[in-house]
Number of protein chains: 2
Amino acid sequence: MTDLNSLLSPFFLNDKEIRKVIELLFFSYRDFTSGPDKILAKLNFGRAHHRIIYFVGKKNNITIKDLLLVLQITKQSLSRVLNQLVNEKFIIVSTGIDKRTKKLSLTEKGKKLENQLSTIQIDKIKRVINKYSEENINGFKEILYDMIETDNKKTFQQIND
Amino acid sequence: MTDLNSLLSPFFLNDKEIRKVIELLFFSYRDFTSGPDKILAKLNFGRAHHRIIYFVGKKNNITIKDLLLVLQITKQSLSRVLNQLVNEKFIIVSTGIDKRTKKLSLTEKGKKLENQLSTIQIDKIKRVINKYSEENINGFKEILYDMIETDNKKTFQQIND
DNA sequence: CTATTTAGGTCAGTCATATTGACTTAATTA
DNA sequence: TAATTAAGTCAATATGACTGACCTAAATAG
């Protein structure tokens, strides 16, 4: 199988090389989230809090329903974490025109934390990406985008409309 | 800040564009792990089991200590999951030359599962990567590598020596 | 205008993954 | 012989997720 594969595939498409990509994704993603994790831990928050803060920051006045679509967790899971963020005044809730809906947005305190967390990740990406050509950077983004499932590609487009 | 940033940075290094990279990493990594997750769930296993199986498969006869260095979890965390895999005969344990150490390796049953899980991820990467140039693929791998922290870069090199 | 659907919330129980801290045993090395 | 190392274990705790059942209020469809 490996022999056949190496006869048929160019070097960079060998199973052995593809496995390196699996590992690169694992190691890089872990290190990508470790920075914010440390700050969150001091506030007794976790990665779930970060994700909520990130996407509420991204889409001001997002509804619970839409937030759940992005996060792909159950409302019971969201509930506990979101309530903590509301109680501690990082997020403020208001009622939508459709009175069944709620709109979430960051308070000043929330924006400050969002900025603190995002800055770590933004700076890291900038530092790395700086060394590469526009061609390489675009390739990087396109490959990541292609790895997203169809339905979630739509979600990605929606939050970036 | 945003205005200043867009004056100083080329388009692809704008904060707004960098934020897309954050989201691409989040969405792509989630979808990358969801395939194996479904198979693991049927066996009452989780992602932690997958990681152990993957790295034991990668480094035959790896010791507990080295496995902990790769996974970066506590031995108490490893213990529960690894014992399940040993009890259900996916992994076999033997004693090292240094009799304090243990060597872990996959059984035939373990190899079969490893292959099943990895194939999903390998095929996904191949399917995506096929459309890109060798230049783009190498750029993709290099950017991911650069996102790994120094110490973990060493770990990555070690498991690929 | 009633019936249905939708948005959101809540209670209860469970599971997986991880942590810290304290302690033990056996083997190796200084 | 003393110190270090590899591995294991007990206990308590936190976080993030799940399923299932049920409720309320508002909007919409027939």
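Naming convention: chains lettered A, B, ... in sequence-line order (proteins, then strands); numbering from 1 in each chain.
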> Rounding to a whole Å, what distance do you find between B:N44:CG and C:dT14:P?
Replying inline: 16 Å

> Whole Å only: how far is the CG atom of A:L82 from the P atom of C:dT10?
Replying inline: 11 Å

>> I'd like to compare against my own output: the B/S/- annotation of nucleotides 17-30 of chain C with a strict under-4.0 Å heavy-atom distance to protein.
In response: BBBBBB----BS--

>> What is the distance, to the nearest angstrom, from the NZ atom on A:K103 to the C1' atom on C:dG8?
In response: 16 Å

>> Ring centres under 6.0 Å, that's the criterion: do A:F26 and B:F55 meet it?
In response: yes

> Atom CG of B:D37 to atom P of D:dA17: distance rounded to whole Å?
Replying inline: 12 Å

> Separation of B:L104 atom CG from D:dG8 atom C1', in whole Å?
Replying inline: 13 Å

> Whole Å only: how far is the CG atom of B:N83 from the P atom of D:dG8?
Replying inline: 7 Å

> Any idea how B:F45 and B:H49 line up, ring-wise: parallel (<30°), tilted (30 to 60°), or perpendicular (>60°)?
Replying inline: parallel

> Are any of the side-chain heavy atoms of B:L71 and B:R51 separated by less than 4.5 Å?
Replying inline: yes

>> Using a strict heavy-atom distance below 4.0 Å, which residues from residues 60-67 of chain A are in contact with DNA chain C?
In response: A:T63, A:I64, A:K65

> Will you find, in the side chains of A:Q121 and A:Y54, an N or O donor that is under 3.5 Å from an N or O acceptor?
Replying inline: no

> Are side-chain heavy atoms of B:N152 and A:R30 found at a separation under 4.5 Å?
Replying inline: yes

> When the ring planes of B:F27 and A:F156 are compared, do they come out parallel, tilted or perpendicular, using 30° and 60° as the limits?
Replying inline: perpendicular

> Counting heavy atoms not belonging to B:K131, are there more than 12 under 6.0 Å from its NZ?
Replying inline: yes

> Does a side chain donor of either B:N160 or A:E23 reach within less than 3.5 Å of an acceptor in the other side chain?
Replying inline: yes

